[in-house]
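Here the structure comes first, spelled out in structure tokens, and everything after it is commentary.
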Amino acid sequence: MEFRKNDIVTLQIEDCGIDGEGIGKADGFTVFVKDAVIGDTVRAKIMKAKKNYGYGRLLEVLTPSPYRVEPKCPYARQCGGCQIQALSYEQQLAFKESKVRGHLERIGGFHDIPMESIIGMEEPYHYRNKAQFPVGRGKDGRIITGFYAGRTHSIIENRDCALGAAVNREVLDRVISYMETYHVEPYEEMTGKGLVRHILIRYGFFTGEVMVCVIVNGNRLPHSEKLVESLREIPGMTSITLNENRSRSNVILGEKLHLLWGQTYITDKIGDISYQISPLSFYQVNPQQTQKLYAKALEYADLHGEETVWDLYCGIGTISLFLAQQAKFVRGVEIVPAAIEDARRNAQLNGIENVEFFTGKAEEVLPREYEKHGVYADVIVVDPPRKGCDEVLLKTILKMQPKRVVYVSCDSATLARDLKYLCENGYQLDKICLVDQFAHTVHVETVVGLQRKDT
Ligand code: SAH
């Protein structure tokens, strides 16, 4: 049967899509319904209809799923940050496992996947050490901050995100009150006018250090000394900076950083290693789970103190320094210069000398070092952004023939694509483990250990 826009359907939700939406069928017609949970029976209104499928808006949950829970955050449904807070945490983990498995089977062509049990969180709230809050004006003209609604740039006002650190609230209250007192305008995307775009907050869970970076459409903040005076009262405040971003794009951070008070970085610890983190550098957002993730990567690397290792997409050298504790020598490659500065400082800070860092694209640095200097690797670790590894890089890895490759991934679709390529060319899947770094969202980290077939 065919359906049209505005038709009302009753559906049994039987599956969960890759963005966390519920999937059900009405007379053979598949409907994707945001906010519906596997096991629900719902009434939905068709908003968009294609030949065999459509998108529905949830009107009513007729019979709630046994997996349905009351979200902790009152804005969970509108906010674009979380997608599956209404699903029990146990089911979230099952969903993530089946999503990764599905990608590996369909895109990668794998079967008999050697998957270990997913490593979930004990307390899946208030785990994030970083948040970037957009600043704007509400309908009533007040300055507001919160998160973008799903797929839009309208701000859902919320200073108490259930995933964020408790200190966020205090920081946001103080920045907004300073803006109101000194008539500092929020930035307006439509016109490109106004000053304050985002407030970035980082919190070191281990050290208690707090970083605030105000991102502005300009290069100064009027009466910034008043803001500093107020923020300094917050226990743990360590770094207050201004980031200049005059672009009309969606990119949150610009390249220029101005120190307003304290240091340009905070320090945090993962395992035995301390890391200094600047606002521009990538740092894993969930420190508790990151430790487990890195421990898995280290386990899969299977180091005995004699190995030469490359850590590609190394960020501030987090994995590199972890590996260096058990390898002979580690070389890290990362595209962001500020992150490499952090990486070098972090090596020094921890007295780790068997590491070297390169700034540049992994797909340029590794081929160059291999062609020019014939560099060698026993183990190669990659941890690329969502788009996965560049083909040139994968080709170089194949030429270098490391015994093991450890692939850390935040996107299972590109992971499956890249693994297929490696496994068609001499490697085999040894072990896979999922680590839930992003509870209540559809995202998950995967660590894969690959072994060269002839070893
Ligand atoms: N391994 C690090 C960072 C992983 S995130 C950690 O666990 O903390 C991915 C990193 O890849 C980011 O730091 C990003 O800046 C970097 N990056 C993106 N494209 C790159 C490329 N082509 N070459 C090298 N690094 C890249």
Among side-chain atoms of Tyr313 and Asp311, is any donor-acceptor pair under 3.5 angstrom?
no
For Asp454, look at atom CG and say whether over 12 heavy atoms of other residues, nucleotides or ligands are found less than 6.0 Å away.
yes
Are the side chain of Arg128 and the backbone of Val285 linked by a donor-acceptor contact shorter than 3.5 Å?
no
Say whether, by atom type as modelled, one donor and one acceptor occur between the side chain of Asp430 and the main chain of Leu450 under 3.5 angstrom.
no
Heavy-atom neighbours of Arg246 CZ exceed 12 at 6.0 Å:
yes
Note: Thr267 and Ser274 closest approach over all heavy atoms is CG2-CB, 4.2 Å
With a 3.5 Å distance limit and no angle check, can you tell me whether Arg232 reaches the backbone of Met237 through a side-chain donor-acceptor pair?
no
Residues Glu97, Lys99: salt bridge by 4.0 Å N-O rule:
no
Residue pairs passing the side chain to side chain donor-acceptor pair (under 3.5 Å) test where at least one lies in residues 291-302, sequence neighbours excluded:
Glu116-Lys296, Glu116-Tyr300, Gln289-Lys292, Tyr294-Thr318, Lys296-Glu299, Asp302-His304
Parallel, tilted or perpendicular: rings of His440 and Tyr89 (30°, 60°):
tilted
Under a 3.5 Å distance rule, please check whether Asp19 uses its side chain to pair with a backbone N or O of Gln83 as donor and acceptor.
no
Test your reading of the model: is there a side-chain donor-acceptor pair from Asp378 to the backbone of Thr308, 3.5 Å cut-off?
yes
Applying ring pair (Phe, Tyr, Trp, His ring centres under 6.0 Å), which residue pairs with at least one partner in residues 235-265 are found, sequence neighbours left out?
none
With distance as the sole test, does Gln132 use its side chain to make a donor-acceptor pair with the main-chain N or O of Ile201 at under 3.5 Å?
no
Determine whether a donor-acceptor pair (N or O, by modelled atom type, separation under 3.5 Å) exists between the side chain of Glu334 and the backbone of Val336.
yes
Considering only residues two or more places apart or on different chains, which pairs with a residue in residues 329-370 satisfy ring pair (Phe, Tyr, Trp, His ring centres under 6.0 Å)?
Trp310-Phe358
Ignoring hydrogens and geometry, is there a side-chain-to-backbone donor-acceptor pair from Asp342 to Ile277 under 3.5 Å?
no
Search all heavy atoms of Val214 against all heavy atoms of Leu227 and return the closest pair with its distance.
CG2-CD2, 4.1 Å
According to the side chain to side chain donor-acceptor pair (under 3.5 Å) rule, which pairs have a member within residues 184-197, sequence neighbours left out?
Arg137-Glu185, His153-Glu189, Glu188-Thr191
Does Lys453 NZ have over 12 foreign heavy atoms under 6.0 Å away?
yes
Side-chain donor-acceptor pair under 3.5 Å between Asp411 and Ser409, yes or no?
no
Closer than 4.0 angstrom, basic N to acidic O: yes or no for Glu170 and Arg174?
yes
How about His111: does its NE2 atom have over 12 heavy atoms from other parts shown lying under 6.0 Å from it?
no
Is there a side-chain contact between Ile215 and Leu253, using heavy atoms and a 4.5 Å cut-off?
yes
Is it the case that more than 12 heavy atoms not belonging to Phe206 sit under 6.0 Å from its CZ atom?
no
Look at the side chain of Lys431 and the backbone N and O of Val448, then say whether any donor-acceptor pair between them is shorter than 3.5 Å.
no
For Glu356, is there an ion pair with Arg331 - N to carboxylate O distance below 4.0 angstrom?
yes
Spatial distance of atom CG (Leu257) from atom SG (Cys213) [nearest 0.5 Å]:
5.5 Å
If you count the non-hydrogen atoms of other residues, nucleotides and ligands that lie under 6.0 Å from CD in Glu90, is the total more than 12?
no
Once ring pair (Phe, Tyr, Trp, His ring centres under 6.0 Å) is applied, do any residues pair with Tyr407, and if so which ones, sequence neighbours excluded?
none
Results of salt bridge (charged side-chain N to carboxylate O under 4.0 Å, His left out) for Lys256 - residues two or more places apart only
none
Does Ser154 reach the main-chain N or O of Thr152 with its side chain, forming a donor-acceptor pair under 3.5 Å?
no
Run the ring-centre check on Tyr127 versus Tyr125 and record whether the distance is less than 6.0 Å.
no
In terms of heavy-atom contacts, does CD1 of Ile18 have more than 12 from other residues, nucleotides or ligands at under 6.0 Å?
no
Could Glu391 and Lys395 be called an ion pair, given the rule that one side-chain N must be under 4.0 Å from one carboxylate O?
yes
Greater than 12 external heavy atoms within 6.0 Å of Glu353's CD
no
